[in-house]
Amino acid sequence: MEFKYLPKRVMVIWELITLILCGSLICLGAFLIAKDTFLWYAVLWLLGAFSIFMVFFYVPIYYVNYCYAINETHVILTHGVLYNRVHHLKIDKISYVSVYKTPLARLLGLRTVIISAPGSQMRLLFIKSADAKELSKRLSPGRKFLFDEDSSEVM
């Protein structure tokens, strides 16, 4: 069983999203708190330190620890930063598999796969399109696919 890791462009996306969110918090803090006070400087320094921590430590560690594998009986997903979580989902219990593509993910050739079983759900975030298609076909054997991967027309 070989674990598959996310493409490197996923970390770039996560870091950009983190920078945008943290930058928004810094701007919000700068406008809501009275200027040139101790509280203003303290909040901006703390938010700046938080942004640096998130971009240079948290997101890369989360990216390195995020991987998935499939064997004959299970789909396994591991992720986490402080606590490494391992999710197991039995293949014979899978109800359906959904493949989502957001506008940004579509531009980068990535998909999100959601595997649903009674009582649980597993999300494989931002995996390559080819891997998502193969995963969907492997976990849904014998099922007819209504939509083609690259178009929205009914087959």
Side-chain angles (χ1 to χ4, degrees), residues 1-71 74-91 93-136 138-139 147 149-152:
M1 173 174 52
E2 180 181 333
F3 280 92
K4 291 187 178 183
Y5 292 89
L6 299 176
K8 290 193 187 262
R9 58 185 169 238
V10 172
M11 187 171 72
V12 174
I13 293 170
W14 287 348
E15 286 181 338
L16 286 175
I17 291 170
T18 304
L19 276 175
I20 291 169
L21 291 175
C22 290
S24 301
L25 281 175
I26 290 172
C27 290
L28 188 66
F31 288 119
L32 291 179
I33 300 172
K35 259 187 170 178
D36 295 331
T37 61
F38 175 76
L39 181 63
W40 186 74
Y41 286 113
V43 167
L44 292 184
W45 275 98
L46 286 174
L47 287 174
F50 176 74
S51 301
I52 291 170
F53 170 76
M54 291 297 290
V55 170
F56 291 110
F57 296 103
Y58 187 85
V59 172
I61 291 172
Y62 189 81
Y63 168 78
V64 167
N65 289 333
Y66 195 98
C67 60
Y68 67 96
I70 302 173
N71 63 17
H74 287 84
V75 179
I76 302 165
L77 171 67
T78 65
H79 63 92
V81 175
L82 295 176
Y83 300 100
N84 198 9
R85 295 176 191 99
V86 179
H87 298 275
H88 294 266
L89 190 61
K90 290 183 80 168
I91 289 179
K93 301 293 182 188
I94 293 175
S95 300
Y96 60 92
V97 178
S98 301
V99 179
Y100 291 96
K101 47 187 171 184
T102 62
L104 180 63
R106 182 180 294 186
L107 287 173
L108 298 171
L110 303 171
R111 304 290 185 262
T112 296
V113 177
I114 300 176
I115 305 167
S116 298
S120 68
Q121 193 176 59
M122 182 182 289
R123 293 177 186 262
L124 303 176
L125 302 173
F126 295 119
I127 62 175
K128 294 178 186 175
S129 295
D131 290 343
K133 191 172 187 177
E134 179 218 333
L135 190 64
S136 178
R138 182 172 176 187
L139 297 177
F147 294 97
E149 180 70 21
D150 298 324
S151 69
S152 59

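Side chains are part of it too, since the values below use all heavy atoms of this structure and drop only hydrogens, waters and symmetry mates.
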Interatomic distance, CG@Leu104 vs CD1@Ile17, rounded to 0.5 Å, equals 6.5 Å

dist Leu25:CG -> Ile20:CD1 (nearest 0.5 Å) comes out at 12.5 Å

Is any side-chain heavy atom of Leu19 closer than 4.5 Å to one of Val55?
yes

Spacing of Ile52 atom CD1 and Thr18 atom OG1 [to the nearest 0.5 Å]
13.5 Å

Would you indicate whether the side-chain heavy atoms of Val43 and Leu32 approach each other to under 4.5 Å?
no

Please examine the side chains of Thr78 and Asn65, heavy atoms only from C-beta on, and report whether any two atoms are closer than 4.5 Å.
no

Interatomic spacing from OH in Tyr68 to CG in Leu6 - rounded to 0.5 Å:
7.5 Å

What are the two closest heavy atoms between His74 and Asn71, and how far apart are they?
N-OD1, 2.6 Å

Kindly write out the residues that satisfy side-chain hydrogen bond (donor to acceptor under 3.5 Å, both in side chains) with Tyr58, not counting sequence neighbours, or none if the list is empty.
none

Might you point out which heavy atoms bring Leu44 and Ile26 nearest each other, and give the distance in Å?
CD2-O, 3.6 Å

With rounding to the nearest 0.5 Å, note down the distance linking CG in Leu77 to OH in Tyr66.
4.5 Å

Return the set of residues passing side-chain hydrogen bond (donor to acceptor under 3.5 Å, both in side chains) with His87 (not counting sequence neighbours), or none when no residue passes.
His79

Restricting to salt bridge (charged side-chain N to carboxylate O under 4.0 Å, His left out), what partner residues turn up for Lys93, sequence neighbours left out?
none

Would you be so kind as to tabulate the donor-acceptor pairs closer than 3.5 Å made by side chains of residues 115-128, with sequence neighbours excluded?
residue, atom, partner, partner atom, Å
Ser116, OG, Gln121, NE2, 3.4

Go through it in stages, so that I can follow the logic: the residues are Thr102 and Thr112, the test is side chain to side chain contact (heavy atoms under 4.5 Å, CB included), and I'd like the CA-CA distance, side-chain angles, deciding distance and then a yes or no.
CA-CA 8 Å; Thr102 62; Thr112 296; 5.9 Å; no

Lys133 vs Val99 side-chain heavy atoms within contact, under 4.5 Å:
no

Contact summary for Ala34 and Trp40, nearest pair of heavy atoms
O-CB, 3.2 Å

The complete set of salt bridge (Lys or Arg N to Asp or Glu O under 4.0 Å) pairs with one or both residues in residues 2-18, sequence neighbours excluded, reads Lys4-Asp131, Lys4-Glu134

Minimum heavy-atom separation for Val113 and Ala132, please, with both atom names.
CG2-CB, 3.6 Å

Heavy-atom nearest pair, Phe3 first then Cys67, reads CD2-SG, 3.5 Å

With a cut-off of 6.0 Å (strictly less than), are more than 12 heavy atoms of other residues, nucleotides or ligands near OH of Tyr100?
no

Whether Ser51 side chain and Leu47 backbone form a donor-acceptor pair below 3.5 Å
yes

So the side chain to side chain donor-acceptor pair (under 3.5 Å) pairs with at least one residue in residues 24-39 (sequence neighbours excluded) are Asp36-Tyr41

